[in-house]
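Scope of the values below: all heavy atoms of this structure, side chains included, with no hydrogens, waters or symmetry mates.
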Amino acid sequence: MSAAKGSVWARLRDRVTASDPGLLRLAAGSRTAGSIALTLAVLTSLRAPVAHLVAGAIASMAATFAIREKQRAGQAVTLALGLPVALVSVSLAALLDRQVVAGDVFFVVLIFCAVYGRRFGDRGNALGLIGFQIYFMSLFVGATAATLPGLYGVVAIAFAASALVRFVIVYETPAGILQRLRQAFRVRLAQLVSAQLELLDAGPDEAGKALESVREGTARLHETAMMIQGRLEEGISDASVARLLQRRIVDAEVAAERLGLLLLNARSSERADTLTLHLPGAPVPSGGRLPVRDAATGTLRRDLGALGMLALRPVGEGGGTAMVHVRNRLIGYREEENLPPVPPAVQDVFRGIGEAARAVLGLRMALAVVPDDESDDAPATVRSREELEAENASIAGSAEGEREQEEPLTGLRRPTTRAAVQVALGSALAIAGGEFLSAQRWYWAVLTCWLVFINTSSTGEILVKGYRRLLGTVLGVVAGIVLAGLVGPHTWTALALVLLFVFAMFYTAPLSYTLMSFFVTAALGLLYTLLHTYSLAVLVLRIEETALGAACGIIAAAVVLPVRTDRRTNELLVTVLDRLADVTAAAVDQLSGAPAADLLDLSRDLDQALGDLRSAVQPLTHPITPLRARRNTAQYLLALLETCAYHARSLAATAELLPTHPSIAADPRLREVCRRITGNIAVLTAHVADEHATAPVETGPSIASLLGADGTPVTPRYGRVTDRVLRHLQRLDESVVGLARPLRVPVPSPRH
């Protein structure tokens, strides 16, 4: 019974770990709700009035969620600086209570400064948020000069409660967060392998759904890998150890993605394009054959399941003789003599399993405090360990290269300055319009205008965010009406529901802006009930003010220093293409015999640029967009770029193996081949940057035929240039040329 309970608990833990990598959302929700609960408990013990309870809840929430720094020392400094900022903000709000014009002007200036503060990093952003939110809190509870002393005490208690929860109760360290992210990576890797197994077994009717699960699992694994890379510097003090872990994470991600493509080939009558793994809605090639039920594919299913268990096994647990046997068998597939006598496409899947098992072994070696017992290693596992140890030594001895610094933007070209001007003017419009709707609650329009500008960079993003906030507000108002009627005068029931909604707000914020807006509005409806200002008219006014604020934000973004979605996406697309060219050229240079480059950081820059583009393109791919053809083109373009990034990362990973693997030798001919690829990327970049550019992309013979032009054979699997390098170069060349069509770049007709 206890074993069964342990198994259920382990599955539940793994599910939570995978859905919330690093438990970051859980920690954010718990930290904010805990801070509010502690503030309310202290204020209640002091017999504070309900208005002070509401003010304390808002102040503690602002003091908690505004701070985003990763290092605890920096968080403490920001929280300490935030208290005087909050006291000044509440003082000015109370003193300007009767000065309508002066108060409105100051509010607009405060909003400008708060947004402009983003240019000073996380601390400037946090202090701006605190100043704005505390001013808003003062308006919400009707702060006056007479109530200032009591509000000073409330704000001080809220900040003290936030500090206690952050640094004592919900204790987090960068190293602890990184540890949980590593665990999430292992779980998501196992889930991806499980989805790949379902793809292998799926019949024609289920193949599309199974392929979509593989796509989703691949994207989730990549997301976790990026989160880990973003936390390495703070979570690991030793730079060489951090670099080693980064390398092993990349290896595992590339191996898992490659395994998915090989499985797709194994169940298809023709070789699948890598694009199939990245384009939403793309069908399984050839419709997908029915899975073959024979001994070889039975072994393949068994070994895929074993690979998933191997990935899930915690570091430090040996697993006994059985697990060692499984690991040896899987890694053994890297050797040609251990492959079963099956068709070549299925043999490739077994090779992919061997490479993935080796990547899991490398990840365990990078994370292990105490080395695994190597006494039962098979010869193939011994060779893999030796290769990994040689790579580790090479990584530890590598020097960090200097990173190129981009020229900083100045004046109104700086995004923070432009956003500050836009939101200030939008807020001025919201104040003017909001006061026509309500002289008491006009600030809801200002709050919405402020919120739709947060983390947005183009007019399209603001439009989508405004729509989502309005939808969430309407649904939240309906919930608020129902809950306020049920709760009535029961203060503690209302406060308990507010805490629940605050937790849900922060837990769902990264997932859905609509859900977050829903929980915010429902919580505010309960706070209105506590302040005895609840009525249907008030909640309807909330919707009207929200719609007005969203409209003012959209108008300001569209008229004042506008950044069109097309312009924003083109800028980011140029960045992606530049990063793609950098990774490809550096990887091929290293494969051609050039000195080692910083391929890991170049690959990370490419992934980050692609992530930024993916976020900026959301207005074009949103379900409500009426431009269906444009939406399909944007999705196809993103999928092609994902495919290019995968092949570039794979080339970089192979190039990193060059110094330590005798099976991979430098080949100077690769540099000539790469010139066509990087040249085509430059042509694409020129067309995106200048719509009048007319240069076509270059097409020609396959990569393999170009390399074999001098008569040197290139087809052996372990020749001077491996099949893997050739395959990635060929696919990258095809994908770069494929980008020409959605970007409307001329492609010469093939010669006959």
Side-chain angles (χ1 to χ4, degrees), residues 13 16-17 20-48 52-87 90 121-123 125-127 129-131 133-134 137 151-184 227 230-231 233-237 492 495-496 498-510 523:
R13 180 192 61 200
V16 172
T17 298
D20 182 15
L23 302 181
L24 297 178
R25 290 187 286 119
L26 178 63
S30 301
R31 190 163 49 239
T32 307
S35 174
I36 294 174
L38 183 57
T39 301
L40 294 177
V42 173
L43 291 175
T44 302
S45 68
L46 297 175
R47 301 182 183 276
H52 284 185
L53 295 179
V54 173
I58 297 175
S60 60
M61 182 171 65
T64 304
F65 84 82
I67 298 176
R68 301 294 178 86
E69 289 166 288
K70 296 175 182 176
Q71 293 290 355
R72 292 168 60 79
Q75 294 172 5
V77 171
T78 302
L79 190 60
L81 293 174
L83 179 57
V85 169
L87 295 177
V90 72
D122 288 337
R123 180 164 298 161
N125 185 44
L127 296 178
L129 279 172
I130 289 171
Q133 291 291 346
I134 297 300
M137 177 271 292
L151 288 176
Y152 286 157
V154 168
V155 171
I157 290 172
F159 272 74
S162 177
L164 183 61
V165 171
R166 177 180 294 275
F167 298 117
V168 178
I169 299 175
V170 185
Y171 183 82
E172 280 192 312
T173 64
I177 293 173
L178 183 60
Q179 173 65 28
R180 294 197 297 272
L181 285 172
R182 295 196 301 249
Q183 182 182 357
M227 293 173 71
R231 296 274 178 173
E233 185 177 345
E234 293 82 12
I236 299 179
S237 57
W492 285 108
L495 288 175
V498 168
L499 289 177
L500 178 63
F501 289 155
V502 166
F503 174 84
M505 175 180 68
F506 284 93
Y507 193 80
T508 59

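- Here the CZ-OG1 distance, from Phe501 to Thr508, works out to 11.5 Å after rounding to the nearest 0.5 Å.
- Residue pairs that meet the salt bridge (Lys or Arg N to Asp or Glu O under 4.0 Å) test with at least one member in residues 500-510, sequence neighbours left out, do not exist here.
- Considering every non-hydrogen atom in both Ala62 and Gln133, the closest pair reads CB-CB, 3.6 Å.
- Applying the side chain to side chain donor-acceptor pair (under 3.5 Å) rule to Ser162 yields the partners Thr64; only residues at least two apart in sequence or on another chain are considered.
- Once rounded to the nearest 0.5 Å, the distance linking OH of Tyr507 with CG of Leu24 reads 10.5 Å.
- Ala86 pairs by the side chain to side chain contact (heavy atoms under 4.5 Å, CB included) definition with Ile130, Ile134, Val155, Phe159, not counting sequence neighbours.
- Between the side chain of Ser60 and the backbone N or O of Ala57, at least one donor-acceptor pair lies under 3.5 Å.
- Of all non-hydrogen atoms in Phe503 and Ala33, the two that sit nearest each other are CB-CB, 4.1 Å.
- Under the 4.5 Å side-chain criterion, counting only non-hydrogen atoms from C-beta, Arg231 is not in contact with Pro174.
- Applying the side chain to side chain contact (heavy atoms under 4.5 Å, CB included) test to Tyr171 and every residue at least two apart in sequence or in another chain returns Arg72, Thr173.
- Screening residues 78-87 for side chain to side chain donor-acceptor pair (under 3.5 Å) gives Glu69-Thr78, Thr78-Arg123 as the qualifying pairs, with residues at least two apart or on separate chains.
- The CD1 atom of Ile169 sits 12.5 Å away from the CZ atom of Phe167 when rounded to the nearest 0.5 Å.
- The two residues Ala55 and Val154 make their nearest non-hydrogen contact at C-CG1, 3.9 Å.
- Taking CG of Leu127 as the reference point, atom CG of Leu81 lies at 6.0 Å (rounded to 0.5 Å).
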Donor-acceptor pairs under 3.5 angstrom involving side-chain atoms of residues 39-47: please list them, not counting sequence neighbours.
residue : atom : partner : partner atom : Å
Thr39   : OG1  : Ser35   : O            : 2.8
Thr44   : OG1  : Leu40   : O            : 2.6
Ser45   : OG   : Val42   : O            : 2.6

| message | Using side chain to side chain contact (heavy atoms under 4.5 Å, CB included), reason through Leu83 and Leu87 one step at a time and then give a plain yes or no. | response | CA-CA 6 Å; Leu83 179 57; Leu87 295 177; 4.2 Å; yes
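- For residues 158-169, there are no salt bridge (Lys or Arg N to Asp or Glu O under 4.0 Å) pairs, not counting sequence neighbours.
- To the nearest 0.5 angstrom, Leu23 atom CG is 8.5 Å from Leu181 atom CG.
- A pairwise comparison of heavy atoms in Met137 and Ala59 identifies CE-CB, 4.5 Å as the closest pair.
- By the side chain to side chain donor-acceptor pair (under 3.5 Å) test, Glu172 pairs with Arg31, Arg180, sequence neighbours left out.
- Ala66 and Ala126 get closest at one heavy-atom pair: O-CB, 3.3 Å.
- The ring pair (Phe, Tyr, Trp, His ring centres under 6.0 Å) pairs that include a residue from residues 20-40 number zero, where partners must be two or more places apart or lie in different chains.
- Heavy atoms only, all atoms of each residue included: Leu79 and Ala163 are closest at CD2-CB, 3.4 Å.
- Residues forming a side chain to side chain donor-acceptor pair (under 3.5 Å) with Gln179 (at least two apart in sequence, or on another chain): Arg182.
- Scored by the side chain to side chain contact (heavy atoms under 4.5 Å, CB included) test, Ala504 finds Phe519 as partners (sequence neighbours excluded).
- By the salt bridge (Lys or Arg N to Asp or Glu O under 4.0 Å) test, Asp122 is found to be paired with no residue, residues two or more places apart in sequence or in another chain being considered.
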